[in-house]
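Remarks on the structure that follows.
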There are 2 protein chains.
Amino acid sequence: MIPRQKGVAVWRQIADRIRAQIAAGAYDATGRVPPETALAEEFGVNRHTVRAALSALSQEGIVRAVQGSGTLIERRDRFDFPIGRRTRFTEGIGTQARDIKGVLLSSCEEVVTTDLAERLDLPSGARVLRLDALRTADGRALSRSTTWFPAERFAGIDEAFRKTQSITRALALLGVADYLRAVTEISAIHAEPDDVADLGLAPGAIVLVTKALNTDLAGLPIQYAITRFPADRVQFTIRNA
Amino acid sequence: MIPRQKGVAVWRQIADRIRAQIAAGAYDATGRVPPETALAEEFGVNRHTVRAALSALSQEGIVRAVQGSGTLIERRDRFDFPIGRRTRFTEGIGTQARDIKGVLLSSCEEVVTTDLAERLDLPSGARVLRLDALRTADGRALSRSTTWFPAERFAGIDEAFRKTQSITRALALLGVADYLRAVTEISAIHAEPDDVADLGLAPGAIVLVTKALNTDLAGLPIQYAITRFPADRVQFTIRNA
DNA sequence: ACGAATTTGTCCGTATGTATG
DNA sequence: ACATACATACGGACAAATTCG
């Protein structure tokens, strides 16, 4: 059932599949995972291997085992993040969580790279403000973003973000009442050491990476952002209404 | 450097990172990967472990080691797949590959599930045609899709697809000259055994999953598709022009 | 209240895979 | 190629907690 190639432990592969099953609502009827013996038979492995998988999920807070009773599902949430012409992080996720926080990890001014200069339509040598932020929803890390603004036009955006905890509200403070999403690139990679630390992931976990360009209403680029999401907590929806 | 947590072998984590570096063009200047000793130092592991990683990449055909010379990069391509109101698979990928094939793996008629009935706006108990297809570009698997059409309106779409190797051209044969992408959901998961077999992936690899609804010009749903892409060969771009 | 069945928790041992030097 | 240490996976046996007739 489970392929025995090398490099990825069988218990991890099984953990990934059970997590996906839970997220898909496969066990909603009972609110619990099937017994270890049943899972062992389903995946064609020893019960100990299933136990290793469930132990990992238990560490993640997804399930909780009760001796004699079974393994209960603690949570099965995957946030949906809509992407469209007027994409806003906080608004998009807003109805799905109560307590959304944006923490500014660091900010600095730097000279644009050639790649970034092209995207933001800046002359080479121009200066940009770089903001590193972590967003959490109900206490769980939801994204880790690095954002660049043209330094001249958006001086003070770091303080504005620190106060408002939101890019949208920070931009509003600086006189940008509205802005538009021009392009979004989406890819997926394995978690890197930074992701493991910042987003609280297991190595081998999946990170969804978006690279987004926002413009003002005149079409002038105002912001370029690279954001990393834990794939087991997030999905994207593109609506062409 | 590399975290020694459990479940994923270090050599596989390193292979994933080198593959990502190659895809990002990090080594384009020399056309080769740094020497094994340099990589070993960079990742803080023994040279044997780096050799295991490079051996895996060599198996995938991404690099080729030459004794006395170094480890050459054989290919570094990641297809970009644009998503918009008029999303077309073949057109979108068309300029990036010469030889695009769509193979019909199987087709059958089935009764809609409640979930699918809602998405396609069909009465419960209605019948749908299901097409399973594998798409390849230049001989490499690019996607594995399952597509559902209302059976009544699209009788014969399986034959049309088999002939034309394209959903767009198959729909044209059945009188649908144009159609629109209404919604696209994007998520990422670890490869399942089917993905390993169909897409030629390693277990532990990442699969990008899209769930897409297409409508005709009148807004009537004509097609719902779930497509799985190997994440190391594909990225998505959403343009809001 | 009791016992049987079910289910998770823990211990033993053994073979293979992974990583280092 | 060799040696060493640890992680992974299996198999079996039994204990401990819960459920149910």
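Every chain is numbered from 1 and lettered A, B, ... according to where its sequence line falls, protein lines coming before strand lines.
- At whole-Å resolution of the value, CD1 in B:I14 and C1' in C:dT18 are 12 Å apart.
- Nearest to the side chain of A:S69, among C:dT18, D:dT19, D:dC10, sits D:dT19.
- If you find the closest nucleotide of DNA chain D to A:W11 and to A:R32, the one lying nearer the 5' end belongs to A:W11.
- When distances are taken from the side chain of A:R51 to each of D:dT8, D:dA16, C:dT10, the shortest belongs to C:dT10.
- B:H190 and A:H190 have tilted rings, their planes meeting at an angle from 30° to 60° on a 0 to 90° scale.
- For CZ of B:R127, the number of neighbouring non-hydrogen atoms (other residues, nucleotides, ligands) closer than 6.0 Å is greater than 12.
- D:dG21 and C:dC2 make up a base pair, with Watson-Crick or G-U wobble contacts both under 3.5 Å.
- Both B:H48 and A:T71 sit near DNA chain C, but only A:T71 has its closest nucleotide nearer the 5' end.
- A:R47 has no side-chain polar atom (N or O) that falls below the 4.0 Å cut-off from OP1 or OP2 of D:dG11.
- Applying the 4.0 Å criterion to OP1 and OP2 of C:dG21, one finds that B:N46 has a side-chain N or O inside that range.
- Taking atom CG on A:L39 and atom C1' on C:dT6, their separation rounds to 15 Å, with Å as the unit.
- Heavy atoms from other residues, nucleotides or ligands lying under 6.0 Å from CD of B:E110 number more than 12.
- Below 30°, between 30° and 60°, or above 60°: for B:F81 and B:F229 the angle between ring planes is between 30° and 60°, a tilted geometry.
- The separation between B:L54 atom CG and C:dA19 atom P is 14 Å, rounded to whole Å.
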